[in-house]
Amino acid sequence: MRVNVTDQNPALVSLINDYTQQIPLDANFFISFDRSNTVRGSSAIPFKSFQKFWLDPLFLTFPYLSIHRVVFNELVSSDSRNYALSRIDQGHLIVMEDSEFEPDKEIYRQSFEKAIAAHTAYEPELDNADDRGEVKSLAYIATKPLNFFASHDSRALRLLESPTKETIGLANVGAIEIYELLYYLRRMEMVEPEDGVNGLKMIYKYLYYLTKKEKQDNPQWGEFYQLMDGLYASEIQKSTGKPIPYRSS
């Protein structure tokens, strides 16, 4: 998966300007990164490290993270599910329920779901598992409406980056990717100065700089950080609302 270090992402700029906006998360944000089946010689990141370097800083930084009920139900790993459940119980993770919509809004939600599903492998009539979480999340986001969907799913990201989104209720919905949040967490000093920064660097390398092709397409961490700074540092300086850095918490 390629990182974009040449163009500003309006969704990330919006999040920089107001980090307290609600951010719906895809299931892959809770599942420990594992490329062992696709990249020879690689091992999955242990959940303990995944939690320390990814999930905990994410929840330390953003106050209104959310997950669709269907996505939560699809978390089969006990570590992922228990972590999400503990955050829900603590009031740190919002559960997005389709049942919260009034009947008139529910009609809109169903129409969005049908339109979005037409571009995925999900079929509402069958309620099959393929792309169900992404479709349900995006239909909820379009109905609410919300501004973002944070995902590492290539199909969902392509949909949000394509002109098609203008016709299926997602015109104002932007995609937030993991590498953009890795940059934001580092830039806002939301992790421990040494161990935590190395953890973010490790995740970046694992997801975006592991294969020969990725090393051709993407910059290494230090260059990535500088290029992202070139795109977003001025926006961060202008922002009047910033999370409290790790060292001050």
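Positions are given from 1 along the sequence. Every value quoted in this text rests on a predicted model; they were computed, and no experiment measured them. Computation of the quantities below employed the complete heavy-atom set of this structure, encompassing side-chain atoms and omitting hydrogens, waters and symmetry-equivalent molecules.
The salt bridge (Lys or Arg N to Asp or Glu O under 4.0 Å) pairs that include a residue from residues 71-85 are E74-R132, where partners are two or more places apart or lie in different chains. The ring-ring contact (aromatic ring centres under 6.0 Å, His included) contacts involving residues 76-125 comprise F59-Y83, F101-Y140, where partners must be two or more places apart or lie in separate chains. Within the structure, every pair that satisfies the salt bridge (Lys or Arg N to Asp or Glu O under 4.0 Å) test and touches residues 235-246, not counting sequence neighbours, is listed here: E235-K238.
In this structure R87 satisfies the salt bridge (Lys or Arg N to Asp or Glu O under 4.0 Å) test together with D56, sequence neighbours excluded.
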Please output the side-chain donor-acceptor pairs of residues 164-177 that fall under 3.5 Å, not counting sequence neighbours, one pair per line with the distance.
residue, atom, partner, partner atom, Å
K165, NZ, L160, O, 3.3
K165, NZ, V173, O, 2.8
T167, OG1, T164, O, 2.8

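The aromatic ring centres of F62 and Y184 sit less than 6.0 Å apart. Taking the ring centroids of Y179 and Y204, they lie at or beyond the 6.0 Å cut-off.
Checked for salt-bridge contact, E161 and R158 miss the test: no charged N lies under 4.0 Å from a carboxylate O. A salt bridge links E100 with K144: at least one charged nitrogen is closer than 4.0 Å to a carboxylate oxygen. Of the charged side-chain nitrogens involved, none lies within less than 4.0 Å of a carboxylate oxygen, so that R69 and D98 do not count as a salt-bridged pair.
Remark: the backbone N or O of N9 is paired with a side-chain donor or acceptor of Y232 at under 3.5 angstrom. Proximity of a side-chain donor or acceptor of N17 to a complementary backbone N or O of S239 within less than 3.5 Å is not detected. For N128 (side chain) and E123 (main-chain N/O), a donor-acceptor pair under 3.5 Å exists by modelled atom type. A donor-acceptor pair is defined here as one N or O able to donate and one able to accept, closer than 3.5 Å; such a pair exists between the side chain of S80 and the backbone of F30. In this structure, T120 contributes its side chain and D131 its backbone to no donor-acceptor pair below 3.5 Å. Looking only at distances, no side-chain donor or acceptor of Q51 sits under 3.5 Å from a matching main-chain atom of K48. With S14 contributing its side chain and P10 its backbone, the two residues share no donor-acceptor pair below 3.5 Å.
Side-chain contact between L231 and D7 is absent, with no heavy-atom pair separated by less than 4.5 Å. With contacts defined as side-chain heavy-atom distances shorter than 4.5 Å, the pair V135/V70 does not qualify. Taking 4.5 Å as the limit, some side-chain heavy atom of L227 sits within range of a side-chain heavy atom of P219. You'll find the side chain of N28 reaches within 4.5 Å of the side chain of S151, heavy atoms only. By the 4.5 Å heavy-atom criterion applied to side chains, V71 and K136 are not counted as neighbours. Looking at S137 and F149, their side chains come closer than 4.5 Å, going by heavy atoms from C-beta outward. Side-chain contact between M1 and L157: present, with at least one pair of heavy atoms (C-beta onward) separated by less than 4.5 Å. With a 4.5 Å cut-off on side-chain heavy atoms, K213 and Q216 count as touching.
When hydrophobic clusters are built by joining Ile, Leu, Val, Met, Phe, Trp and Tyr residues whose side-chain heavy atoms come closer than 4.5 Å, directly or via intermediates, L55 is grouped together with L93. By the criterion of side-chain heavy atoms lying less than 4.5 angstrom apart, applied directly or through intervening Ile, Leu, Val, Met, Phe, Trp or Tyr residues, F72 is not grouped with M96; the two fall into different hydrophobic clusters.
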* Between N218 and V5, is a side chain to side chain contact (heavy atoms under 4.5 Å, CB included) present by the stated rule, with each step listed? -> CA-CA 9 Å; N218 297 327; V5 290; over 6 Å; no

* side chain to side chain contact (heavy atoms under 4.5 Å, CB included) between E214 and D217: does it pass, once the steps are laid out? -> CA-CA 5 Å; E214 289 167 347; D217 291 342; 5.7 Å; no

* Please assess I94 against Y64 for the test side chain to side chain contact (heavy atoms under 4.5 Å, CB included), listing each intermediate value before the final yes or no. => CA-CA 7 Å; I94 300 167; Y64 296 110; 4.1 Å; yes

* Would L159 and L138 satisfy side chain to side chain contact (heavy atoms under 4.5 Å, CB included), going step by step from the backbone distance to the final call? -> CA-CA 10 Å; L159 188 58; L138 289 171; 4.3 Å; yes

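Minimum interatomic distance between R35 and T211 (heavy atoms only, all atoms of both residues): NH2-CG2, 4.1 Å. Across all non-hydrogen atoms, the minimal contact from A139 to I116 is N-CD1, 3.7 Å. The two atoms that bring Y246 and L60 nearest to each other are CD1-CD2, 4.0 Å, heavy atoms only. Nearest approach of P57 to L185, heavy atoms of both residues: O-CD2, 3.8 Å.
In this structure, R186 is positioned above the aromatic face of Y225, its NZ or CZ under 6.0 Å from the six-membered ring centre and within 45° of the axis.
No hydrogens or angles considered: a donor-acceptor pair under 3.5 Å links the side chains of N4 and T6.
Checking each of L200, L58, V191 against L182 for a side chain to side chain contact (heavy atoms under 4.5 Å, CB included) leaves exactly one that passes, namely L200.
Other residues, nucleotides and ligands contribute more than 12 heavy atoms inside 6.0 Å of the CD atom of Q90.
Side-chain contacts under 4.5 Å among hydrophobic residues (ILVMFWY), followed directly or transitively, place I107 with no other residue at all.
Taking the six-membered ring for Trp and thresholds of 30 and 60 degrees, F33 and W54 have ring planes inclined between 30 and 60 degrees apart.
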